[in-house]
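Chain letters run A, B, ... following the sequence lines, proteins first, then strands; residues in each count from 1.
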2 protein chains.
Amino acid sequence: MNNTKNHTHMHESGIEHFSGEMPQEETLQSLANLFKVFGDSTRVKILFVLAKSDMCVYHIAETLDMTISAISHQLSVLKKANLVTSQRQGKTIYYSLADEHVRLIFEQGLDHVCE
Amino acid sequence: MNNTKNHTHMHESGIEHFSGEMPQEETLQSLANLFKVFGDSTRVKILFVLAKSDMCVYHIAETLDMTISAISHQLSVLKKANLVTSQRQGKTIYYSLADEHVRLIFEQGLDHVCE
DNA sequence: AATATATTTGAACAGTTGTTCAAATGTTCA
DNA sequence: TGAACATTTGAACAACTGTTCAAATATATT
């Protein structure tokens, strides 16, 4: 699985950058999975409209001009990732952002994109 | 493309959450693309080892126990996203993190994952 | 120029992803 | 209970992604 044998490199930089230790394999996988959820424009748009106000599936679909089914599928992804929560009120189910992390992650990302 | 006609919803939440205005379609797409790059554990690992010290392809491959080719492909993705920079030094090409944004985005993500 | 080292590149492949469509599940109200 | 509303679910399909493999490029050394 590794074709790195018989290499003559002698480099050792010594420059220390990052604050913490290298996290566990499992943690890095979780981190990648979290970012993967943010890595789709439909989901990003959903999170943005939810950041403005709680909404039901119908209204999100209307706002983004997409089918209810497509939005529902993506909401289930967001819910599984604990980025949104839902609350039934009669026939309608309202979705909201799960916590402040979402906003903070967004702001960092926007900083980078809008530099 | 939209099956949301003839809906009887009357909801208007009024709850205002997010600091800024809804960004442009294009900006949201860029944001999603940025997160997409973070959404792979190999790339996350590469960024982590680069956060500790600048490294060449061979040593990254060695550290992550993967092929040089696989790492090289992913480095080109990271470079295209302006998350890493490279600097040739003789035969060897050293890679480094492009800026502090990477660290900040990571820290936000880790906060969420390790809650 | 020829050789060894260091890395990139492109095609190919299996695995994953997002949307659509049709059908199913819940909920409310007459 | 039956009809209307609100949303979810699963299968299907095309598009995309990450890794491998083999070959190409680039640099340094002799």
Side-chain N or O of [X] closer than 4.0 Å to phosphate OP1/OP2 of [N]:
| X | N | value |
| --- | --- | --- |
| B/Tyr95 | C/dA6 | no |
| A/Arg88 | C/dG26 | no |
| A/Thr67 | C/dT20 | yes |
| B/Gln74 | D/dT19 | yes |

(request) Name every residue in residues 34-46 of chain B that has at least one heavy atom under 4.0 Å from any atom of DNA chain D, in order of residue number, or write none if there are no such residues. (result)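 Hits under 4.0 Å, by residue number: B/Lys36, B/Asp40, B/Thr42, B/Arg43.
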(request) Would you check if the side chain of A/Arg43 reaches a backbone N or O of A/Val37 as a donor-acceptor pair within less than 3.5 Å? (result) yes
In whole Å, I'd like the distance from the [atom1] atom of [X] to the [atom2] atom of [N].
| X | N | atom1 | atom2 | answer |
| --- | --- | --- | --- | --- |
| B/Ile68 | C/dA6 | CD1 | P | 9 Å |
| B/Asp65 | D/dT19 | CG | C1' | 14 Å |
| A/Glu62 | D/dA6 | CD | P | 12 Å |
| B/Lys91 | D/dT27 | NZ | P | 13 Å |

(message) Expected output is a numbered-order residue list: members of residues 78-86 of chain A with a heavy atom under 4.0 Å from any atom of DNA chain C. What is it?
(response)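 Of all residues in residues 78-86 of chain A, none places a heavy atom under 4.0 Å from DNA chain C.
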(request) Answer yes or no: side-chain N or O of B/Ser69 and base N or O of D/dC21 forming a donor-acceptor pair under 3.5 Å. (result)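 Per atom types, the contact qualifies.
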(request) Determine, using the 4.5 Å side-chain heavy-atom cutoff (strictly less than), whether A/Leu104 and B/Leu110 are members of one ILVMFWY cluster. (result) no
(message) Can you list everything that forms a salt bridge (Lys or Arg N to Asp or Glu O under 4.0 Å) with B/Glu25? Sequence neighbours excluded, please.
(response)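 B/Glu25 satisfies salt bridge (Lys or Arg N to Asp or Glu O under 4.0 Å) with A/Lys45 once adjacent residues are dropped.
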Does any part of the side chain of [Y], heavy atoms only, come nearer than 4.5 Å to the side chain of [X], both counted from C-beta?
| X | Y | answer |
| --- | --- | --- |
| A/Phe48 | A/Leu50 | no |
| B/Leu83 | A/His112 | yes |
| B/Ile46 | B/Leu78 | yes |

(request) Quick one: sort the A/Phe106 and A/Phe38 rings into parallel, tilted or perpendicular, breaks at 30° and 60°. (result)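 It falls in the perpendicular class, over 60°.
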(request) Measure the CD1-OG distance between A/Ile71 and A/Ser76 for me, rounded to the nearest 0.5 Å. (result) 11.5 Å
(request) Could you say whether the aromatic ring of B/His73 and the base of D/dT19 stack, counting only centre distances under 5.5 Å and plane angles under 30°? (result)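 The ring of B/His73 is not stacked on D/dT19.
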(message) Quick one about B/Lys79 and B/Ser86 (side-chain donor to acceptor, distance below 3.5 Å, no hydrogens or angles considered), yes or no?
(response)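 Yes, a side-chain donor-acceptor pair sits under 3.5 Å.
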